[in-house]
Amino acid sequence: MNIKYRRLKGTRDIMLEEIERWHWCEARWTEVLARYGYGEIRTPVIEPTDLFLRSVGEGTDIVDKEMYTFETKGGESLTLRPEMTASVVRAYLENGLIRQPGTIKFYYMAPMFRHDRPQAGRYRQFHQVGLEAIGSGSPVLDAEVIQTAMALFEAVDARGLMVKVNSIGCPECKPAYVKDLRVFLQENIESVPVNMRSRIDVNPLRMYDAKDEGVQELLAGFKPITDSICDACREHYEIVLATLRELDVPHEEDPTLVRGLDYYCRTTFEITATAGRKQSSLCGGGRYDYLVEQCGGPATPAIGFSIGIERTLLHLNDDPVDPQRSRQSQVDIYVACKGLDAQRYGFVSADILRGYCRVEVDTSDRSLKAQAKSANLRRARFLLTVGEDEIRNDNLQMKNLDTGEQKPVARSQLLAAVREVLEG
RNA sequence: GUGGAUGUAGCUCAGUUGGCAGAGCCCCUGGUUGUGGUCCAGGUGGUCGUGGGUUCAAGUCCCAUCAUCCACCCCA
């Protein structure tokens, strides 16, 4: 077959058995998030490009090479969101939620777009479940947010995970460290691969992300950022760690954990899968106490994280779903029809039942044998058969697919008969 | 952006030194004049990713190109 249109690179079709898995996870996540006090937020997938340029920050990979950006006929630059935090902050300000008392807590489960090279667990359109808690700078909230992330993983039985936490300081102490780091890197520039050197000027902290052994060795000889943060940040970090211990959230400190986005400050964290060579980073998050202000609002502390849904699913089960082998949606009653008149009779009969259970009327006009086979594949519990005799007698043959027992049922008695057997 | 692997039926894949394009699964029909899960028989389905080249002859060899997957970079 020469199919004319194919899905875009890095995108996927989610359906049949796989979408059942998504629904299962989504239902559990929604429940957990509600228990932690989060309400859903849905924002547009397109935003002004500037929103991401200024929040995520130029010099990050996301902004420099991964955004789906286009221009409207009017000359306005728009971008498909590469992440959600900026949009939530924008919505928070735009809808006047600054006037709401207490901490605003939003969650989302939504598609994001990054023009990256696809590979296992990495897509151009991918989905994140995440949350943003805006309005509180308490370190206790940091710990609760990290615990919430773990609760989301536990809710879908994800195991073998490690929480890594770090503090990257605030505008009081971070710049001095960055400056020292830059000087240190310049002095040892021969140890830095050529293609990474530009990072020294743009965003030296991100050198910690490099997996290059030489760079790792070099940075091991430099003072960790946690030794350089100011007293206020230090105290904040200590309380986060202490609270995590009190909450029994297993975690380890990782002073090399800096995050790729500019807006983070103080607490940053990441949750990774300890086994498997695939994309092991399942969750990333941190505090962003200056983003709201930067977006034009009053100084407002906030924290959030996002979990990659595809990656989490990949971590849960390595078996890919084969569309060929996966079932269509289940039904309770399957109606097999011999001929067009029988289909009409079948539909009217199904209409009686639909207020009560799931019914599929077969309009394929295949052999009754083939239709019965489909009934079985759909895991129907009862097969109703309609042919010329049934139309004439105003009844349906009703077969119990577990026992094989079959008997005619008058249409006027159909609902009562079905209720009796399905409830009994 | 860099590197590696793979493209043959709807799916998973065989295809020998270059010589008639195959199997399993799925699907359809029949065995059962109107009935499922097992079984048996038959059948539908292919521009061999695409375009060039070599050759009497190319799925097979050569070149190019596209797509997919994997890895790097980075990230969810």
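On a predicted model such as this, the values are computed, not experimentally measured, just so you know. Below, chain A is the first sequence line, B the second, and so on; all start at residue 1. FYI, side chains are in, hydrogens and waters are out, and symmetry mates aren't considered; it's all heavy atoms of this structure.
- Closest to the side chain of A/L368, from the set B/A76, B/G34, B/C70, is B/G34.
- Taking side-chain N and O atoms only, A/R206 has a distance below 4.0 Å to OP1 or OP2 of B/C75.
- Of the P atoms belonging to B/G10 and B/G45, the separation is 11 Å, rounded to the nearest Å.
- Looking at the side chain of A/Q406, the nearest of the listed nucleotides B/G1, B/U35, B/C75 is B/U35.
- Across the protein-nucleic acid pair, A/E83 atom CD and B/C74 atom C1' stand 15 Å apart, rounded to whole Å.
- Comparing B/A76, B/C70, B/C74 by their closest approach to the side chain of A/L261 singles out B/A76.
- For the residue pair A/Y68 and A/Q125, no side-chain donor N or O sits within less than 3.5 Å of a side-chain acceptor on the partner.
- Figure legend. B/G22 is base-paired to B/C13; pairs are counted as Watson-Crick or G-U wobble with both atom distances under 3.5 Å.
- Here the nucleotide nearest the side chain of A/R114, chosen from B/A71, B/G36, B/A76, is B/A76.
- A/R366 has its CZ atom 9 Å from the P atom of B/C27, to the nearest Å.
- Among the nucleotides B/A71, B/A76, B/G34, the one closest to the side chain of A/A120 is B/A71.
- Between A/S367 and B/U29, a side-chain N or O to OP1/OP2 separation shorter than 4.0 Å is present.
- Note on A/E270: nothing from the nucleic acid sits closer than 4.0 angstrom, heavy atoms only.
- Distances from the side chain of A/R117 to the nucleotides B/C72, B/G36, B/C75 place B/C72 closest.
- Looking at heavy-atom distances under 4.0 Å, A/Y334 makes no contact with the nucleic acid at all.
- Within the cation-pi definition used here (under 6.0 Å to the ring centroid, within 45° of the axis), A/R411 qualifies as a partner of A/Y345.
- Residue-level contact check: A/Q397 touches the bases, meaning some heavy atom is under 4.0 Å from a base atom.
- The interatomic distance linking A/E390 (CD) with B/G34 (P) rounds to 12 Å, in whole Å.
- Taking atom P in both B/C72 and B/A58, one finds a spacing of 42 Å when rounded to whole Å.
- Comparing B/C74, B/G31, B/G34 by their nearest atom to the side chain of A/D389 picks out B/G34.
- Counting only heavy atoms from C-beta outward, the side chains of A/V418 and A/M398 approach each other to under 4.5 Å.
- Using a 4.0 Å heavy-atom cutoff across all strands shown, A/L377 reaches sugar-phosphate atoms only and no base atom.
- Contacts of A/I307 with the nucleic acid, taken as non-hydrogen atoms under 4.0 Å apart, are absent.
- Comparing B/U35, B/C74, B/C70 against the side chain of A/K369 picks out B/U35 as the nearest.
- Rounded to the nearest Å, the gap between the C1' atom of B/A21 and that of B/U47 is 14 Å.
- Within the 4.0 angstrom heavy-atom criterion, only backbone atoms of the sugar-phosphate kind lie near A/R259; the bases stay farther away.
- Counting non-hydrogen atoms of other residues, nucleotides and ligands closer than 6.0 Å to CZ of A/R354 gives a total above 12.
- When only modelled atom types and interatomic distance are considered, A/T85 and A/Y263 share a side-chain donor-acceptor pair under 3.5 Å.
- Each of A/D365 and A/L8 has a nearest nucleotide on RNA chain B; the 5'-most of these lies closest to A/D365.
- B/U6 and B/G52 are spaced 25 Å apart, taking the P atom of each and rounding to whole Å.
- Between A/R7 atom CZ and B/C66 atom P there is a gap of 20 Å when expressed in whole angstrom units.
- Rounded to whole Å, the distance from CG on A/L383 to P on B/G34 is 15 Å.
- Among the protein residues, A/E310 comes within range of no part of the nucleic acid, since none of its heavy atoms lies under 4.0 Å from any strand.
- Here B/A67 sits opposite B/U6 as a Watson-Crick or G-U wobble pair (both hydrogen-bonding atom distances under 3.5 Å).
- Which of B/C72, B/C74, B/A76 sits closest to the side chain of A/Q119 comes down to B/C72.
- The partner of B/C61 is B/G53, by the rule that a Watson-Crick or G-U pair needs both atom distances under 3.5 Å.
- Across B/G22 and B/G46, the matching C1' atoms stand 11 Å from one another, rounded to whole Å.
- A/G404 comes within contact range of at least one nucleobase, with a heavy-atom separation under 4.0 Å.
- Regarding A/K9, its NZ atom lies at a distance of 13 Å from the C1' atom of B/G1, rounded to whole Å.
- To the nearest angstrom, P of B/G36 lies 18 Å from CE of A/M398.
- Checked by atom type, the side-chain pair A/S374/A/R366 shows a donor-acceptor distance below 3.5 Å.
- Distance from the side chain of A/T385 is smallest for B/U35 among the nucleotides B/G37, B/U35, B/C75.
- Salt bridge annotation for A/D180-A/K223: present, with a cationic side-chain nitrogen under 4.0 angstrom from a carboxylate oxygen.
- The residue A/A370 sits close only to the backbone: its heavy atoms come under 4.0 Å of sugar-phosphate atoms, none of a base.
- Counting non-hydrogen atoms under 4.0 angstrom, A/S374 reaches nothing in the nucleic acid.
- Of the side-chain N and O atoms in A/K373, one or more sit less than 4.0 angstrom from OP1 or OP2 of B/C27.
- A salt bridge does not link A/E17 to A/R21: none of the charged nitrogens lies less than 4.0 Å from a carboxylate oxygen.
- Rounded to whole Å, the distance from CZ on A/R124 to P on B/C75 is 18 Å.
- B/U17 sits 38 Å from B/U2 when the C1' atoms are compared, rounded to a whole Å.
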